[in-house]
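For reference, the structure is listed below as structure tokens.
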Amino acid sequence: MRRVIFAVLLGASCAASAQLYRWTDEKGRVHVTDTPPPATAKDVRKRDAATAPAAQSGTDQPYAVQLAAKNYPVTLFTAPDCAPCGSARALLNQRGVPFREISVTGEQASDQLRKAVGSLSVPSLIVGTSTQKGFEQGAYDSMLDLAGYPRAGILPPRSQAEPKPAPPKPAAESEAAAEEPAAGPYKPR
């Protein structure tokens, strides 16, 4: 029994001190190995496996996050100068959840929100097919937990900011639309 425990501890200590090599072969395939790459390898990167930080972009995210994002994508509908919207965004960022934010400032975004949620209530969170109108931290956490997103503190926080508002239409376009005469049987006289 002692020999088994010793072997397990020895194996764990060897694995913790292993080096990882990331390299590209001549056909463009990327490999990650614990053995040094051949001399023909391109773009060789060497990292200590025990201290290598997990990157949070694209496919470098943990598998649980990749799977949750694929099966239960997160969309947050917000409006400019909305305090609860900022709280909702902060919660998602704190948990490290990748999300798409739609700022409801135009007719197209309003229609999209109405179709998705059934009203123009902001903030509104959509996780997969589940929706939550308004901000309630417990409800948001519950939806994200059920979808398989890690709890706060497991992933590094994100810093996704509020979307920038769309630029206003030039005055010439809005005046041209206003000067256009009304047509049809109900035009004013």
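Excluded from the calculations below are hydrogen atoms, water molecules and symmetry mates; all remaining heavy atoms, backbone and side chain alike, are included. Along the sequence shown, residues are numbered consecutively beginning with 1. Everything numeric in this text was worked out from a predicted model, so none of it was measured.
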What distance separates Arg100 CZ from Leu76 CG, expressed to the nearest 0.5 Å? 11.0 Å
Leu113 vs Ile102 side-chain heavy atoms within contact, under 4.5 Å: no
Smallest separation among heavy atoms of Thr105 and Ala109, with atom names: N-CB, 4.2 Å
Taking every non-hydrogen atom, the tightest pair across Ala79 and Cys82: O-CB, 3.2 Å
Keeping Tyr72 on the side-chain end and Leu146 on the backbone end, is there a donor-acceptor pair under 3.5 Å? no
From Phe77 CZ over to Ser119 OG, what is the distance, rounded to the nearest 0.5 angstrom? 11.0 Å
Closest non-hydrogen atom pair between Leu155 and Pro150, with its separation: CD1-CG, 3.9 Å
Side chain to side chain donor-acceptor pair (under 3.5 Å) filter on Arg151, not counting sequence neighbours, yields Asp145
In this structure, CG of Asp43 is separated from CG of Asp25 (nearest 0.5 Å) by 11.5 Å
At their closest point, which heavy atom of Pro98 faces which heavy atom of Val74, and how far apart are they? O-CB, 4.0 Å
Minimum heavy-atom distance Val122-Val104, with the two atoms named: CG1-CG2, 4.1 Å
Distance in Å, Ile154 CD1 paired with Tyr149 OH, rounded so as to fall on 0.5 Å steps: 14.5 Å
Do you know the tightest heavy-atom contact between Asn93 and Ser159? OD1-N, 3.9 Å
If a pair satisfies salt bridge (Lys or Arg N to Asp or Glu O under 4.0 Å) and one of its residues is in residues 68-90, list it, with sequence neighbours excluded. Arg89-Glu101
Going by side chain to side chain contact (heavy atoms under 4.5 Å, CB included), Tyr21 matches just one of Val32, Thr33, Thr35. Which one? Thr33
Only distances under 3.5 Å count here; give the side-chain donor-acceptor pairs of residues 124-141 to other protein atoms, sequence neighbours excluded, each with its distance to 0.1 Å.
from	atom 1	to	atom 2	distance (Å)
Ser124	OG	Ser121	O	2.4
Tyr140	OH	Gly134	O	3.2
Asp141	OD1	Arg95	NH1	2.9

